[in-house]
Amino acid sequence: SASLPSLMLRLAPLAFKKAKGLSPGETIPRLAFEETVTIPQAWHDAYARLTGHVEPGVMPPCAPQVLAADLHRKILADARFPLPVLGMVHVENRIDELRGLPATASLRLRAMLANTVHTDRGIELDIQTEAFHQGQLAWRSVLRALIRNKGGSSGAKKKKRAPAEA
């Protein structure tokens, strides 16, 4: 687990990142990152205590989302991501646990930018995350975030988005 100083050092560049914004008609590239993580028993036990998860030997359903946070940070910190991160608002999250995961599983995590939509409030984007165990998709999520327009409405057509689907 990361100490507070090391976590702050990893997050600090997001606060100071120069964002060029999007030109009319420009889209955000579909950035994606992957990594393999093995969950130590001590991390699992601490997380289970914190969340009140009591099913022994089974990973809590939200744990892969926490484990993928560094992949999400990499997407937002990437020089090709043209939008400001400071002030981004978390709108919703959907998690689908396709099969139970062992508490100390080795997971292949993949996070990718998907489904960017201009709305009357700003730009909504989805970060889709998948967890593979033993080569099989076992878990997936969609995190939806909003990057608000500066100065109110963009004048764009109002779009209502369906709830996030993992």
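For the single chain, residues carry numbers from 1 onward in sequence order.
Connection of Trp139 to Trp43 is established within a shared hydrophobic cluster, with ILVMFWY side chains joined at heavy-atom distances below 4.5 Å, either directly or through further cluster members. A continuous path of ILVMFWY side-chain contacts below 4.5 Å connects Leu71 to Val66, so both sit in one hydrophobic cluster. In this structure, Ile95 is not a member of the same hydrophobic cluster as Leu98, with clusters built from ILVMFWY side-chain heavy atoms closer than 4.5 Å. When hydrophobic clusters are built by joining Ile, Leu, Val, Met, Phe, Trp and Tyr residues whose side-chain heavy atoms come closer than 4.5 Å, directly or via intermediates, Ile28 is not grouped with Met112. Note: the hydrophobic cluster containing Leu125 also contains Phe33 (ILVMFWY, side chain heavy atoms under 4.5 Å, direct or indirect links).
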For this session: Using the side chain to side chain contact (heavy atoms under 4.5 Å, CB included) rule, take His72 and Thr129 through it: C-alpha gap first, then chi angles, then the decisive distance, then the call.
Result: CA-CA 9 Å; His72 300 163; Thr129 307; 2.7 Å; yes
Exercise. Do Leu83 and Ile123 pass the side chain to side chain contact (heavy atoms under 4.5 Å, CB included) test, and can you show the C-alpha distance, the side-chain angles, and the key distance before you say yes or no?
Worked result: CA-CA 9 Å; Leu83 300 172; Ile123 297 172; 3.9 Å; yes
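Of the candidates Glu92, Met88, Glu124, His90, Glu124 is the only one forming a side chain to side chain contact (heavy atoms under 4.5 Å, CB included) with Leu146.
Nearest heavy atom pair, residue Ala105 against residue Ile39, reads O-CD1, 2.9 Å. Looking at every heavy atom in both residues, Val91 comes nearest to Ala145 through CG2-C, 4.0 Å. Summarising the geometry of Thr38 relative to Thr104, their closest heavy-atom pair is CG2-O, 4.3 Å, with the distance given to 0.1 Å. Of all heavy-atom pairs between Arg30 and Ala114, the closest is NH1-CA, 3.2 Å.
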Return all side-chain donor-acceptor pairs below 3.5 angstrom for residues 130-137, not counting sequence neighbours, or 'none' if the list is empty.
| residue | atom | partner | partner atom | Å |
| --- | --- | --- | --- | --- |
| Glu130 | OE1 | Arg110 | NE | 3.0 |
| Glu130 | OE1 | Arg110 | NH2 | 2.6 |

Contacts table for residues 51-63: side-chain donor-acceptor under 3.5 angstrom, sequence neighbours left out:
| residue | atom | partner | partner atom | Å |
| --- | --- | --- | --- | --- |
| Thr51 | OG1 | Tyr47 | O | 3.0 |
| Thr51 | OG1 | Ala48 | O | 3.4 |
| His53 | NE2 | Val58 | O | 3.2 |

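Using a 4.5 Å cut-off on side-chain heavy atoms (C-beta onward), Leu113 and Ile127 make contact. At least one side-chain heavy atom of Gln65 sits under 4.5 Å from a side-chain heavy atom of Leu143. Put simply, the side chain of Thr27 does not reach to within 4.5 Å of the side chain of Thr116, judged on heavy atoms.
Panel note: side chain Asp126, backbone Gln128; no donor-acceptor pair is recorded below 3.5 Å.
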